[in-house]
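Working notes, beginning with the structure itself.
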2 protein chains.
Amino acid sequence: MSEQLSLRAERLRAAGHKLTHARLSVLRVLEESGGHVTSAEVLERVSALDASIGRASVFRTLDLFTSLLIVRPTYIDSSVTPTYVLMPEGHHHHIICTNCNRVIEFEDCCLSEMTAELEARLGVKLTGHLVEFYGLCDRCRQ
Amino acid sequence: MSEQLSLRAERLRAAGHKLTHARLSVLRVLEESGGHVTSAEVLERVSALDASIGRASVFRTLDLFTSLLIVRPTYIDSSVTPTYVLMPEGHHHHIICTNCNRVIEFEDCCLSEMTAELEARLGVKLTGHLVEFYGLCDRCRQ
DNA sequence: AACTTAATTGATACTCTATCTCAATTAGAA
DNA sequence: TTCTAATTGAGATAGAGTATCAATTAAGTT
(Lines give C-alpha, C1' and ligand atoms only; values in the text may rest on other atoms or scores of the structure.)
Protein backbone atom coordinates (compact mmCIF):
# COMPACT_ATOMS: atom_id res chain seq x y z
CA MET A 1 0.00 0.00 0.00
CA SER A 2 1.39 3.36 -1.00
CA GLU A 3 1.11 4.77 2.46
CA GLN A 4 1.59 8.51 2.71
CA LEU A 5 3.06 9.06 6.13
CA SER A 6 1.48 11.70 8.27
CA LEU A 7 3.56 14.25 10.11
CA ARG A 8 2.82 12.42 13.34
CA ALA A 9 4.16 9.18 11.93
CA GLU A 10 7.35 11.03 11.06
CA ARG A 11 7.57 12.30 14.62
CA LEU A 12 7.17 8.75 15.82
CA ARG A 13 10.03 7.57 13.64
CA ALA A 14 12.18 10.57 14.55
CA ALA A 15 11.77 9.65 18.23
CA GLY A 16 13.29 6.26 17.46
CA HIS A 17 10.15 4.12 17.37
CA LYS A 18 9.27 1.61 14.70
CA LEU A 19 6.40 2.35 12.36
CA THR A 20 4.52 -0.88 12.94
CA HIS A 21 1.21 -1.89 11.50
CA ALA A 22 -0.48 -1.66 14.91
CA ARG A 23 0.81 1.84 15.59
CA LEU A 24 -0.09 3.17 12.16
CA SER A 25 -3.58 1.70 12.54
CA VAL A 26 -4.13 3.42 15.89
CA LEU A 27 -2.82 6.67 14.45
CA ARG A 28 -5.11 6.39 11.45
CA VAL A 29 -8.12 5.79 13.70
CA LEU A 30 -7.21 8.79 15.85
CA GLU A 31 -6.74 11.06 12.85
CA GLU A 32 -9.95 9.94 11.17
CA SER A 33 -11.93 10.41 14.36
CA GLY A 34 -10.82 14.03 14.64
CA GLY A 35 -9.74 13.68 18.26
CA HIS A 36 -11.95 13.22 21.33
CA VAL A 37 -12.28 9.46 21.42
CA THR A 38 -12.29 7.05 24.34
CA SER A 39 -10.00 4.04 24.52
CA ALA A 40 -13.02 1.80 23.99
CA GLU A 41 -13.82 3.61 20.75
CA VAL A 42 -10.23 3.37 19.57
CA LEU A 43 -10.21 -0.34 20.40
CA GLU A 44 -13.41 -0.92 18.48
CA ARG A 45 -12.35 1.01 15.38
CA VAL A 46 -8.91 -0.53 15.29
CA SER A 47 -10.51 -3.96 15.49
CA ALA A 48 -12.85 -3.06 12.65
CA LEU A 49 -9.83 -2.02 10.60
CA ASP A 50 -7.82 -5.14 11.40
CA ALA A 51 -9.15 -7.71 13.82
CA SER A 52 -5.73 -9.26 14.28
CA ILE A 53 -4.42 -6.26 16.22
CA GLY A 54 -4.46 -7.06 19.94
CA ARG A 55 -5.92 -5.06 22.80
CA ALA A 56 -2.60 -4.72 24.54
CA SER A 57 -0.97 -3.11 21.51
CA VAL A 58 -3.68 -0.51 21.31
CA PHE A 59 -3.21 0.47 24.96
CA ARG A 60 0.56 0.39 24.61
CA THR A 61 0.29 2.65 21.58
CA LEU A 62 -2.01 5.10 23.35
CA ASP A 63 0.51 5.29 26.21
CA LEU A 64 3.36 5.80 23.75
CA PHE A 65 1.45 8.54 21.92
CA THR A 66 0.66 10.17 25.25
CA SER A 67 4.31 10.24 26.26
CA LEU A 68 5.16 11.75 22.87
CA LEU A 69 2.37 14.33 23.27
CA ILE A 70 0.79 13.14 20.04
CA VAL A 71 -2.32 12.61 22.06
CA ARG A 72 -3.50 13.80 25.45
CA PRO A 73 -6.00 12.00 27.70
CA THR A 74 -8.55 14.26 29.37
CA TYR A 75 -11.79 13.80 31.25
CA ILE A 76 -15.11 14.84 29.87
CA ASP A 77 -18.04 13.20 31.59
CA SER A 78 -17.05 11.72 34.90
CA SER A 79 -13.87 10.41 36.42
CA VAL A 80 -14.03 7.18 34.49
CA THR A 81 -12.70 6.64 31.02
CA PRO A 82 -10.26 9.10 29.56
CA THR A 83 -11.01 10.79 26.27
CA TYR A 84 -8.02 11.03 23.97
CA VAL A 85 -7.49 14.37 22.32
CA LEU A 86 -5.25 14.67 19.27
CA MET A 87 -2.84 17.55 19.66
CA PRO A 88 -2.49 19.15 16.22
CA GLU A 89 0.58 21.28 16.82
CA GLY A 90 1.25 20.34 20.39
CA HIS A 91 -1.58 22.40 21.79
CA HIS A 92 -5.29 22.05 22.16
CA HIS A 93 -8.13 24.18 23.52
CA HIS A 94 -11.71 23.42 24.34
CA ILE A 95 -14.66 24.37 26.47
CA ILE A 96 -16.59 21.74 28.41
CA CYS A 97 -20.17 22.53 29.29
CA THR A 98 -20.67 21.49 32.90
CA ASN A 99 -24.37 20.96 32.29
CA CYS A 100 -24.67 18.95 29.06
CA ASN A 101 -21.01 17.85 28.69
CA ARG A 102 -20.84 19.27 25.19
CA VAL A 103 -17.31 20.02 24.01
CA ILE A 104 -16.69 23.22 22.07
CA GLU A 105 -13.29 23.45 20.47
CA PHE A 106 -11.64 26.70 19.52
CA GLU A 107 -8.44 27.36 17.73
CA ASP A 108 -6.72 30.54 18.61
CA CYS A 109 -5.06 31.10 21.91
CA CYS A 110 -2.74 33.80 23.14
CA LEU A 111 -0.43 31.75 25.30
CA SER A 112 2.81 32.39 23.45
CA GLU A 113 3.55 35.29 25.77
CA MET A 114 2.86 33.20 28.83
CA THR A 115 5.03 30.42 27.42
CA ALA A 116 7.97 32.78 26.96
CA GLU A 117 7.49 34.28 30.40
CA LEU A 118 7.38 30.86 32.12
CA GLU A 119 10.43 29.63 30.24
CA ALA A 120 12.40 32.68 31.34
CA ARG A 121 11.22 32.63 34.93
CA LEU A 122 11.32 28.90 35.66
CA GLY A 123 14.07 27.70 33.36
CA VAL A 124 11.82 25.21 31.64
CA LYS A 125 11.47 24.40 27.93
CA LEU A 126 7.81 24.16 26.95
CA THR A 127 6.63 22.25 23.90
CA GLY A 128 2.87 22.22 24.16
CA HIS A 129 -0.18 22.96 26.23
CA LEU A 130 -3.80 22.08 26.85
CA VAL A 131 -6.37 24.66 27.88
CA GLU A 132 -9.72 23.57 29.22
CA PHE A 133 -12.47 26.04 30.08
CA TYR A 134 -15.49 25.01 32.13
CA GLY A 135 -18.86 26.68 32.15
CA LEU A 136 -22.25 26.76 30.49
CA CYS A 137 -22.59 26.55 26.72
CA ASP A 138 -24.86 28.91 24.81
CA ARG A 139 -27.77 26.45 24.88
CA CYS A 140 -27.57 25.65 28.58
CA ARG A 141 -27.17 29.28 29.52
CA GLN A 142 -30.89 29.74 28.68
CA MET B 1 -16.57 18.50 67.02
CA SER B 2 -16.44 22.23 66.39
CA GLU B 3 -16.03 21.86 62.67
CA GLN B 4 -15.08 25.03 60.85
CA LEU B 5 -16.54 24.63 57.40
CA SER B 6 -14.29 25.34 54.46
CA LEU B 7 -15.43 27.48 51.59
CA ARG B 8 -15.73 24.37 49.47
CA ALA B 9 -18.05 22.77 51.99
CA GLU B 10 -20.22 25.88 51.78
CA ARG B 11 -20.28 25.57 47.99
CA LEU B 12 -21.36 21.97 48.40
CA ARG B 13 -24.21 22.98 50.65
CA ALA B 14 -25.15 25.90 48.42
CA ALA B 15 -25.49 23.50 45.49
CA GLY B 16 -28.08 21.57 47.49
CA HIS B 17 -25.99 18.65 48.69
CA LYS B 18 -25.87 17.32 52.22
CA LEU B 19 -22.71 17.80 54.24
CA THR B 20 -22.26 14.16 55.18
CA HIS B 21 -19.45 12.64 57.18
CA ALA B 22 -18.13 10.79 54.10
CA ARG B 23 -18.08 13.92 51.92
CA LEU B 24 -16.42 16.07 54.57
CA SER B 25 -13.80 13.38 55.09
CA VAL B 26 -12.97 13.22 51.39
CA LEU B 27 -12.83 17.02 51.26
CA ARG B 28 -10.51 17.13 54.26
CA VAL B 29 -8.18 14.55 52.69
CA LEU B 30 -8.10 16.51 49.43
CA GLU B 31 -7.39 19.79 51.18
CA GLU B 32 -4.69 18.33 53.42
CA SER B 33 -3.00 16.65 50.48
CA GLY B 34 -2.66 19.97 48.66
CA GLY B 35 -4.14 18.61 45.43
CA HIS B 36 -2.59 16.15 42.97
CA VAL B 37 -3.72 12.85 44.48
CA THR B 38 -4.89 9.67 42.83
CA SER B 39 -8.15 7.98 43.73
CA ALA B 40 -6.15 5.17 45.37
CA GLU B 41 -4.44 7.69 47.63
CA VAL B 42 -7.73 9.33 48.52
CA LEU B 43 -9.22 5.91 49.29
CA GLU B 44 -6.32 5.02 51.53
CA ARG B 45 -6.27 8.29 53.46
CA VAL B 46 -10.01 8.36 53.92
CA SER B 47 -9.85 4.83 55.28
CA ALA B 48 -7.08 5.85 57.68
CA LEU B 49 -9.28 8.69 58.87
CA ASP B 50 -12.38 6.54 59.29
CA ALA B 51 -12.34 2.91 58.25
CA SER B 52 -16.12 2.74 58.21
CA ILE B 53 -16.37 4.92 55.09
CA GLY B 54 -16.96 2.73 52.05
CA ARG B 55 -15.15 2.69 48.71
CA ALA B 56 -18.27 3.50 46.76
CA SER B 57 -18.87 6.69 48.72
CA VAL B 58 -15.37 7.91 48.03
CA PHE B 59 -15.79 7.39 44.28
CA ARG B 60 -19.26 8.92 44.36
CA THR B 61 -17.87 11.92 46.19
CA LEU B 62 -15.00 12.35 43.74
CA ASP B 63 -17.51 12.29 40.90
CA LEU B 64 -19.71 14.82 42.68
CA PHE B 65 -16.76 17.11 43.36
CA THR B 66 -15.72 16.79 39.72
CA SER B 67 -19.16 17.83 38.50
CA LEU B 68 -19.06 20.80 40.89
CA LEU B 69 -15.56 21.70 39.66
CA ILE B 70 -14.24 21.46 43.21
CA VAL B 71 -11.76 18.98 41.84
CA ARG B 72 -10.54 18.12 38.36
CA PRO B 73 -9.11 14.77 37.26
CA THR B 74 -6.06 15.01 35.01
CA TYR B 75 -3.41 12.63 33.74
CA ILE B 76 0.17 12.82 34.84
CA ASP B 77 2.12 9.63 34.18
CA SER B 78 0.33 7.42 31.75
CA SER B 79 -3.23 6.95 30.64
CA VAL B 80 -4.13 5.00 33.71
CA THR B 81 -5.26 6.43 37.01
CA PRO B 82 -6.44 10.00 37.12
CA THR B 83 -4.81 12.47 39.45
CA TYR B 84 -7.28 14.74 41.18
CA VAL B 85 -6.36 18.39 41.28
CA LEU B 86 -8.02 20.74 43.75
CA MET B 87 -9.21 23.88 42.03
CA PRO B 88 -8.64 26.78 44.47
CA GLU B 89 -10.71 29.46 42.78
CA GLY B 90 -12.05 27.50 39.89
CA HIS B 91 -8.81 27.52 37.96
CA HIS B 92 -5.54 25.69 38.07
CA HIS B 93 -2.24 25.85 36.19
CA HIS B 94 0.69 23.53 36.06
CA ILE B 95 3.60 22.33 33.98
CA ILE B 96 4.22 18.62 33.49
CA CYS B 97 7.76 17.57 32.67
CA THR B 98 7.52 15.02 29.88
CA ASN B 99 10.80 13.46 30.95
CA CYS B 100 10.58 13.02 34.74
CA ASN B 101 6.82 13.63 35.20
CA ARG B 102 7.49 16.32 37.79
CA VAL B 103 4.60 18.75 38.23
CA ILE B 104 5.39 22.43 38.61
CA GLU B 105 2.47 24.57 39.68
CA PHE B 106 2.27 28.26 39.05
CA GLU B 107 -0.28 30.79 40.16
CA ASP B 108 -0.74 33.69 37.86
CA CYS B 109 -2.36 33.39 34.50
CA CYS B 110 -3.61 35.98 32.08
CA LEU B 111 -6.70 34.24 30.79
CA SER B 112 -9.29 36.76 31.94
CA GLU B 113 -9.11 38.49 28.55
CA MET B 114 -9.49 35.20 26.70
CA THR B 115 -12.40 34.31 28.96
CA ALA B 116 -14.20 37.56 28.15
CA GLU B 117 -13.50 37.20 24.44
CA LEU B 118 -14.83 33.63 24.32
CA GLU B 119 -17.94 34.54 26.28
CA ALA B 120 -18.71 37.35 23.84
CA ARG B 121 -17.94 35.37 20.70
CA LEU B 122 -19.50 32.00 21.59
CA GLY B 123 -22.28 33.01 23.95
CA VAL B 124 -20.99 30.80 26.73
CA LYS B 125 -20.66 31.55 30.45
CA LEU B 126 -17.29 30.36 31.76
CA THR B 127 -16.65 29.60 35.41
CA GLY B 128 -13.20 28.07 35.49
CA HIS B 129 -10.28 26.68 33.57
CA LEU B 130 -7.32 24.34 33.67
CA VAL B 131 -4.07 25.09 31.88
CA GLU B 132 -1.48 22.39 31.39
CA PHE B 133 1.89 23.05 29.83
CA TYR B 134 4.14 20.21 28.67
CA GLY B 135 7.87 20.33 28.26
CA LEU B 136 11.16 19.82 30.02
CA CYS B 137 11.70 21.07 33.56
CA ASP B 138 14.86 22.97 34.50
CA ARG B 139 16.62 19.81 35.69
CA CYS B 140 15.82 17.68 32.66
CA ARG B 141 16.73 20.46 30.26
CA GLN B 142 20.39 19.73 31.12
C1' DA C 1 -36.22 17.39 71.09
C1' DA C 2 -38.74 14.27 68.44
C1' DC C 3 -40.62 13.48 63.72
C1' DT C 4 -40.27 12.88 58.84
C1' DT C 5 -38.42 11.79 54.46
C1' DA C 6 -35.55 12.03 50.65
C1' DA C 7 -30.75 11.82 50.13
C1' DT C 8 -27.00 9.22 51.09
C1' DT C 9 -24.51 5.43 52.76
C1' DG C 10 -21.72 0.79 53.23
C1' DA C 11 -21.09 -3.97 51.85
C1' DT C 12 -20.26 -6.81 48.37
C1' DA C 13 -20.62 -8.83 44.12
C1' DC C 14 -19.75 -7.51 39.66
C1' DT C 15 -18.09 -5.25 35.23
C1' DC C 16 -14.74 -3.79 32.40
C1' DT C 17 -10.42 -1.19 31.54
C1' DA C 18 -5.79 -1.83 31.44
C1' DT C 19 -1.53 -4.79 32.57
C1' DC C 20 1.61 -8.67 32.64
C1' DT C 21 3.96 -12.49 30.61
C1' DC C 22 6.22 -14.73 27.10
C1' DA C 23 6.86 -17.13 22.85
C1' DA C 24 6.34 -15.62 18.08
C1' DT C 25 6.78 -12.02 14.80
C1' DT C 26 8.51 -7.94 12.52
C1' DA C 27 10.82 -3.35 11.22
C1' DG C 28 14.69 -1.75 9.71
C1' DA C 29 19.71 -1.71 9.55
C1' DA C 30 23.72 -4.14 7.63
C1' DT D 1 19.13 -12.08 3.02
C1' DT D 2 20.47 -12.08 7.47
C1' DC D 3 20.33 -10.35 11.96
C1' DT D 4 18.59 -8.50 16.26
C1' DA D 5 16.28 -5.73 19.33
C1' DA D 6 11.80 -3.89 19.37
C1' DT D 7 7.29 -5.06 19.16
C1' DT D 8 3.43 -7.96 18.95
C1' DG D 9 -0.92 -11.00 20.13
C1' DA D 10 -3.21 -14.11 23.27
C1' DG D 11 -5.04 -14.80 27.27
C1' DA D 12 -4.76 -14.86 32.16
C1' DT D 13 -4.73 -11.49 35.71
C1' DA D 14 -5.07 -7.22 38.41
C1' DG D 15 -7.40 -3.63 39.98
C1' DA D 16 -10.29 0.64 39.33
C1' DG D 17 -14.88 1.97 39.41
C1' DT D 18 -20.17 0.60 39.49
C1' DA D 19 -24.67 -1.42 40.63
C1' DT D 20 -27.80 -2.90 43.99
C1' DC D 21 -30.39 -2.39 47.93
C1' DA D 22 -31.50 -2.45 52.73
C1' DA D 23 -29.97 0.52 56.52
C1' DT D 24 -28.70 5.02 58.00
C1' DT D 25 -28.51 9.98 58.29
C1' DA D 26 -28.78 15.20 57.35
C1' DA D 27 -31.58 18.67 57.92
C1' DG D 28 -36.05 20.79 57.53
C1' DT D 29 -40.58 20.87 60.14
C1' DT D 30 -43.32 20.75 64.05
Side-chain angles (χ1 to χ4, degrees), chain A residues 1 3 5 9-29 37-68 70-71 73-84, chain B residues 1 3 5 9-29 37-68 70-71 73-84:
Chain A
M1 49 183 101
E3 192 94 52
L5 289 185
E10 293 293 356
R11 275 171 61 198
L12 198 55
R13 190 213 298 277
H17 300 280
K18 291 184 178 177
L19 298 185
T20 66
H21 181 58
R23 286 174 180 162
L24 291 174
S25 298
V26 171
L27 182 56
R28 180 173 156 194
V29 163
V37 274
T38 63
S39 58
E41 287 167 340
V42 175
L43 272 174
E44 187 184 4
R45 293 183 199 180
V46 167
S47 262
L49 216 58
D50 181 345
S52 76
I53 295 173
R55 311 165 42 72
S57 290
V58 173
F59 282 110
R60 276 186 291 234
T61 300
L62 287 174
D63 279 359
L64 176 64
F65 285 6
T66 299
S67 74
L68 291 175
I70 287 175
V71 110
T74 53
Y75 282 104
I76 303 295
D77 291 349
S78 67
S79 56
V80 207
T81 317
T83 296
Y84 290 88
Chain B
M1 48 182 104
E3 192 93 52
L5 289 185
E10 293 293 357
R11 276 172 59 197
L12 198 54
R13 189 213 298 276
H17 301 280
K18 290 185 178 177
L19 298 185
T20 67
H21 182 57
R23 286 174 181 164
L24 291 174
S25 299
V26 171
L27 182 55
R28 180 173 156 193
V29 163
V37 275
T38 62
S39 59
E41 287 167 341
V42 174
L43 272 174
E44 187 184 4
R45 293 184 198 179
V46 166
S47 262
L49 216 60
D50 182 343
S52 76
I53 296 174
R55 309 165 42 72
S57 291
V58 173
F59 282 109
R60 277 186 291 234
T61 300
L62 287 174
D63 279 359
L64 176 64
F65 285 4
T66 299
S67 73
L68 291 175
I70 286 175
V71 109
T74 52
Y75 282 104
I76 304 295
D77 292 347
S78 67
S79 57
V80 208
T81 317
T83 296
Y84 289 88

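A, B, ... follow the sequence lines: proteins, then strands. Residue 1 opens every chain. What you see is a predicted model, and the numbers here were worked out from it, not measured in a lab.
Side-chain atoms of B:Arg60 come within donor-acceptor range of the base of C:dG10, with a qualifying N/O pair under 3.5 Å.
Side-chain atoms of B:Arg28 and B:Ser25 form no donor-acceptor pair, as typed in the model, at a separation below 3.5 Å.
Comparing the helix axis at one end of the helix from C:dA1-D:dT30 to C:dA30-D:dT1 with that at the other, each defined from 5 consecutive pairs, gives an inter-axis angle of 60° (nearest 10°).
A heavy atom lying under 4.0 Å from DNA chain D marks the following residues of residues 39-58 of chain A, by number: A:Ser52, A:Ile53, A:Gly54, A:Ala56, A:Ser57.
Distance check, rounded to the nearest 0.5 Å: NE2 of A:His21 to CG of A:Leu49 gives 7.0 Å.
Regarding B:Tyr84, its OH atom lies at a distance of 12 Å from the P atom of D:dA16, rounded to whole Å. Atom CZ of B:Arg13 is separated from atom C1' of C:dA7 by 15 Å (rounded to the nearest Å). At whole-Å resolution of the value, CG in B:Asp63 and P in D:dG17 are 9 Å apart. Taking atom CG of residue B:Leu64 and atom P of nucleotide D:dG17, one finds them 16 Å apart after rounding to whole Å. Between the CZ atom of A:Phe59 and the C1' atom of C:dC20 there is a distance of 14 Å, given to the nearest Å. In this structure, B:Leu27 places its CG atom 15 Å from P of C:dT8, rounding to the nearest Å.
Shown here for B:Arg23 and B:Lys18, the closest heavy-atom pair between the two residues is NH1-O, 3.0 Å. B:Leu62 and B:Ser39 make their closest contact through CD1-CB, 4.1 Å (heavy atoms, listed as atom of the first residue, atom of the second, distance). Taking each heavy atom of A:Leu12 and A:Leu68 in turn, the nearest pair found is CD1-CD1, 3.4 Å. In this structure, B:Leu24 and B:Leu19 approach most closely via the heavy-atom pair CD1-O, 3.9 Å. In terms of heavy atoms, B:Thr66 sits closest to B:Pro73 at CG2-CD, 3.7 Å.
For the pairing with B:Val26, the side-chain contact (heavy atoms from CB on, under 4.5 Å) check across B:Thr20, B:Val71, B:Thr61 returns one residue only, B:Thr61.
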Collect all protein-nucleotide pairs involving nucleotides 4-6 of chain D in which both atoms are nitrogen or oxygen and the distance is under 3.5 Å.
none

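Distances shown here put every side-chain N or O of B:Thr20 at or beyond 4.0 Å from the OP1 or OP2 atom of D:dA26.
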